[in-house]
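For reference, the structure is listed below as C-alpha cells.
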Amino acid sequence: MSTAQLRDTITTRRPSKGALVAGILAVWLVAWLVLRGTHTLPLGAAQLTGLHEWLNDVNDSIGANRNSNPLFLYFFNIIRLIVDEFTTFIQTVLSEPAFDSPIPMLGWLGVVAVAGYVCYLVANIRVALLAMAGLVFLGLQGLWTESMDTLALTISAVLIALLFAIPLGVWAGLSDRFNRLITPVLDFMQTMPTFVYLAPLTLFFLIGPASATIATLIYAAPPVIRLTAHGIRSVPRDMVEASESLGSTRRQTLTKVLLPAAKRTIVLGINQTMMAALAMVTIAALIDAPGLGKTVIKALQTQDVGTAFNGGLAIVVLAIILDRVTTAASAKARPSHTAPSRGAAMLRLPMLIGGGVLAAIGVWLSRTYVWAAEFPADVEIGSTIVRATDTATEWVKDNFAALTTDLKDVVSATLIDPLQALLVQSPWWLVAAVIIAISVVIGSIRAAVVSAVCLALLVGTGLWQDAMTTLAQVLLATVIVMVLGIVLGVWMGRSPRVDRVVRPVLDAGQTMPPFVYLVPFLALFEATRFTAIIAAVVYASPVAIKIVTDGIRGVSATTVEAATASGSSTWQTITKVQLPMSRRALTLATNQGLIYVLSMVVVGGLVGAGALGYQVVAGFSQGQLYGKGLAAGIAIVLLGVMLDRMTQAAAKRADRPS
Amino acid sequence: MTTSQVHEERGRHEDEALAGESVISVRGLWKVFGPRAAAVPNSPKLRELGRRDLLDRTGCTAAVRDVGFDVAGGEVFVVMGLSGSGKSTLVRCLTRLIEPTAGEMLFEGDDMLAANHKQLRELRRNKFSMVFQHFGLLPHRRVIDNVGYGLEVKGVGKTERTRRAQEVIELVGLGGNEKSYPDQLSGGMQQRVGLARALAADPDVLFFDEPFSALDPLIRRDMQQEVIRLHREVGKTMVFITHDLSEALKLGDRILIMRDGEMVQLGTGDELVGAPADDYIRDFVRDVPHGDVLTLKWIMRDPRPDDPLDGPELGPDVVVREATRQVLQADKPVKVVSDGELLGIVGDDEILAIVARQESGA
C-alpha cells in the first residue's frame with residue numbers, strides 16, 4: 001500500500017455523505033420557502049439577451065462574408081464542398097436521380113441485390129437474407145427514397161469518419177501520450193447530446209446534407225477511435241514481444257500482429273459508429289438533412305402519430321439491418337475460428353460467384369426496367385400501417401384515457417411540478433450554492449470548481465430558467481432510471497436466466513435512435529413534459545441496467561458464498577454485500593443514465609418538453625431566435641459537463657476503500 | 001544411466017563450459033524503472049539503497065542491479081529467482097526488448113548496446129530468438145504460419161519458408177498439426193509451436209522466459225525432456241529463466257540465482273546445494289533431494305589414520321545417489337580418486353547422512 005493510500009485510510013471519521021446531502025437539501029427547502037420567487041432570472045419566450053443578439057450578429061456576418069472571408073473560402077467551404085460532393089455521389093447511387101436519368105444509379109432491386117451480396121461477403125448468408133428482406137420491407141412501407149437518403153448519409157458519414165478515425169485509433173493505441181491527449185476529447189464529444197452538434201456546424205457549413213454529414217461523422221467517430229485504440233492496447237504483450245524478438249519492423253508488427261489481432265474489436269467499433277451515425281442522421285433532419293428523420297419530425301410536430309410510427313418503424317428496420325450485419329461481420333473477424341466444415345468450404349466458391357452474378361443481374365434489371373428501378377407503388381403497406389396505428393392510438397385513447405391521463409397528471413402534480421418549482425423559483429445563487437456544495441460532498445473540490453464555472457456560464461447564457469426546467473426533468477428521469485436500473489440490474493446480475501431473456505431486449509433498445517422512442521409515448525401521453533421524461537427513461541434505462549448487472553456480477557462469488565454461509569438472507573446479501581460492493585458500478589450507471597437522459601430530454605423539446613430543447617429547435621426554424629438556440633445548445637453542454645464531472649468524481653471516490 | 005555415464009556427461013559439460021567461447025558476456029548491467037532512471041546506477045550513493053529506500057527517495061525501482069556473467073557456447077545457462085527478482089527483466093535486457101539502463105553486453109564479441117535498430121533487427125532475425133511464458137502465438141495464423149513468422153518478416157520466400165517451418169514442426173513433434181489454429185491445441189502443444197518458431201531461423205542462442213510455468217506438471221516434465229533432447233540434437237546455447245529450482249537443476253549446466261534484482265550466487269547445481277552462498281540460498285535448496293544433486297566431492301572427508309585405504313575407488317563427480325549402493329555394499333570406505341590422487345574417502349556415515357536427510361524430508 002502506498003503512503004498516499006495509507007493516509008487516506010487513516011483520515012478521521014466524518015458525518016456520512018448521505019447525511020450531509022440530506023442536510024444540504026433541507027437547508028435548501030427552508031430557504032426556498034422564504035426566498036422563492038426572487039432572483040429567478042426569468043426571460044420571456046421572445047426576449048433576447050445581449051449574448052443572443054451578438055450570436056445573431058455573428059451568424060449574419062458569417063452569412064454575409066461566407067464567400068469572401070479567406071478562412072471560409074479556403075477552409076470551411078472546401079471541406080463542405082468535398083463532403084457535399086461525396087455525399088451527393090452516394091446519394092446518386094442510392095436515392096437521388098443520377099445525372100440525366102430520373103432514377104438513382106441503382107434502382108431498388110439493384111440496391112437489394114448489391115446489399116445482399118455485400119452482407120454475404122462481410123458476414124454470412126443469414127444476415128444477407130435479413131438485410132434484403134428488411135430493405136424490401138422499407139420499400140413496402142412506401143419510404144424507399146427516404147430510407148435510401150438516410151442510408152446514403154449514414155454510409156458517407158461512416159466512410160469519411162473511418163478514414164480519420166481508424167488511423168487516429170491506431171495512433172492512440174500505439175502512443176500513450178496521444179492516448180492521454182485524445183481520451184478527454186473523446187469523453188467530451190460523447191457526453192454532448194446529439195442535438196448540440198447541429199447549431200454550431202450550421203454556422204460554418206450552412207444547413208443541408210453536407211452539414212448533416214459533418215455533424216454525423218463528428219458525433220459517430222469516437223466509438224471507433226476508442227475501440228481501435230482499445231483493441232490494439234489489449235493485444236497480449238507476449239504476442240508483440242514475440243514479434244519484436246523475431247526481428248519485425250514496427251510496420252510489420254502493426255500490420256501482421258496488432259491489426260489482425262485487434263480486427264474484431266475494430267469491427268465492433270465500426271458497428272457502434274454506424275449506429276451512432278444512423279441516430280445522428282435522423283436528428284440532423286432538424287438542419288434539413290433529407291431522409292426518414294424529416295418524415296418523423298414533420299409528423300411529430302403535427303402530432304400525426306400514424307406517420308411518425310411508420311417512419312420510426314423504418315428507422316428501426318434500418319437500425320436492425322446495420323446492427324445485425326456489422327455484428328455478424330465482427331463475429332466473423334474473430335482472430336481464429338474452428339475451420340469451416342468440408343461441405344461449407346466446398347460451397348463457398350460457387351456461392352461467391354453465383355452471388356456476384358445474381359447481384360449483377362439485379363443491378364442490370366434495376367437500370368433497365370422501371371419496375372425494378374422505382375419501388376412499385378401498388379404493393380404498398382405503409383398507409384395500412386399508418387391507418388392501423390391511428391386506429392390503435394384512438395382505441396387506446398378512448399379506453400385508457402382515464403388511466404394515461406391520471407398517470408400523467410398524478411406524476412406531473414406530485415413529482416415534476418414540485419421539483420421544477422423548487423429549481424426554477426429558487427434564487428439562482430441558492431441553486432448554485434446547493435449544487436456546488438453537493439459536488440464537494442459526493443465528488444471532489446475539483447468537481448465543485450467545474451460546477452461553479454458551469455453554473456456561472458449558465459447564468460451567462462441568459463437561459464437560467466430553461467436550464468433549471470430541463471435539469472428538473474433530467475433529475476427526475478434519472479431517479480426513475482436508477483430505480484429501474486437497480487431493480488432489474490440486481491435481478492439480472494443474480495439470475496442468468498433473467499439475463500438471457502432481458503438482455504436481447506436491452507440490446508435492441510440500445511440500437512434504436514433516440515427519436516424513435518418519442519413516437520409511442522406521444523401517442524399515449526400527447527405532447528407534454530411527461531412524454532419526454534418517459535421517453536428519456538426508456539432510452540436511458542438499458543445502459544444503466546447493463547452497468548448495474550455487470551457490477552453485481554463482478555462481486556466475487558466467494559464473497560457472496562461467504563455471506564450466504566454466515567446466514568444472510570437474500571435481501572441481506574443484496575443490500576449488505578452485493579450493492580455496496582458494486583458501488584462503483586452504481587455511480588457509473590448514474591453517470592451514464594444522466595448523460596443519456598439529458599440527450600433525450602432535450603430531444604423531447606420537439607414534443608412539448610419545452611425548455612432548452614425547445615429553444616434549440618426554435619433556433620433552427622426562426623432566424624431571430626438563432627442566437628438564443630445556440631445559447632441553449634451551449635447551456636445543454638454546460639449542464640452535461642457539470643453532471644458528468646460530478647458523477648465521475650463520485651465514481652472515482654467509490655473506487656477507493658473508505 | 002550408469003555411474004560412468006553420469007561421470008562422463010558431467011565432465012563433458014564442464015569441459016565445454018571451459019572450452020567454449022563466451023557467447024554472451026554481461027558486465028555491470030542495470031535496469032532501473034522510474035523517473036530519471038539513468039541517475040541511479042551512476043550515483044555511488046543511490047546504488048547502495050535498498051528497494052524501499054530507493055523508491056521513497058527517487059520513485060525508481062531497480063529491477064536488475066549490477067549483474068554480470070558469461071554464457072559459454074553450447075551451455076544451458078539458467079537464471080532462477082522468485083517473482084519480482086528481476087529475472088524476466090534481465091532476459092528482456094539481454095535481447096533488448098527492454099533497454100538496459102547501464103552496463104555492458106557483448107554478443108559473440110560485438111557490443112550489443114551499440115547496435116542500432118537495424119543491426120538489432122538483424123541480430124534478432126538471425127542470431128537469437130525467444131520462447132515466451134504465455135507463448136505469444138498469433139491466434140489469427142495457422143501453426144505453420146506462426147512458425148514461419150520470423151522467416152516471413154526476414155523476407156524469406158513462401159516455398160522456402162514453408163519447407164523450413166515444416167521441418168522444425170517435425171523436429172518438435174508437432175507433425176500433422178501444421179494446419180491447426182493455436183487455440184485448437186493444448187497448452188503443451190502451443191508451447192511446442194513457440195519452440196518451433198524460435199528454432200525456425202536456426203539461431204545461435206535461444207532465450208526461454210519461464211516457458212513451462214503456465215503448463216500442467218506432467219506436461220511440464222515432457223517439455224523439459226524435450227528441451228534436453230533438443231539441446232542434445234541441435235546443441236544451441238540456451239538461456240533459461242525459471243522460478244522452479246528443480247527445473248533449474250534438471251536443465252542447467254550453471255545456475256544464476258537472483259533476488260531483488262541482484263545476483264546472489266552463480267554456480268553449478270551441486271555447488272548451490274553443497275555450498276550455498278547465504279541463508280537465502282540455503283533455504284531455497286533445503287527441499288532439494290540432496291542425493292540427486294550432490295557429488296562425492298561434497299561429502300567426502302579426509303582419511304583418518306584408522307581408515308583402511310584399500311576400498312573401491314570412485315570419481316569426485318559421481319552423484320551421491322548413484323554411489324549409494326556401492327558404498328553401502330563395500331565393507332571398507334570408498335576412496336574418492338581423481339587422476340590417481342586420493343582426494344578423500346566416503347563411508348557409510350557420509351552416505352547415510354544424505355540419504356536419511358532425504359527420507360525424513362528435511
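Each chain gets a letter, A, B and so on, in the order its sequence line appears, and its residues count up from 1.
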Can you name the closest pair of heavy atoms from B:Ala37 and B:Cys60 and give their distance? CA-SG, 4.2 Å
Roughly how far apart are A:Leu258 CG and A:Arg251 CZ, rounded to 0.5 Å? 13.0 Å
Flag, side chain of B:Arg197 to backbone of B:Ser129, donor-acceptor distance under 3.5 Å: no
Sort out for me which of B:Leu151, B:Asn126, B:Thr95, B:Leu97 touches chain A most, counting heavy-atom pairs under 4.5 Å. B:Leu97
Heavy-atom proximity to chain A below 4.5 Å, by part of B:Phe128: backbone
With no hydrogens and no angle check, just 3.5 Å: does a side-chain donor-acceptor pair link A:Gln252 and A:Ser243? no
Give, as side chain, backbone, both or neither, the part of A:Lys263 having an atom under 4.5 angstrom from any heavy atom of chain B. neither
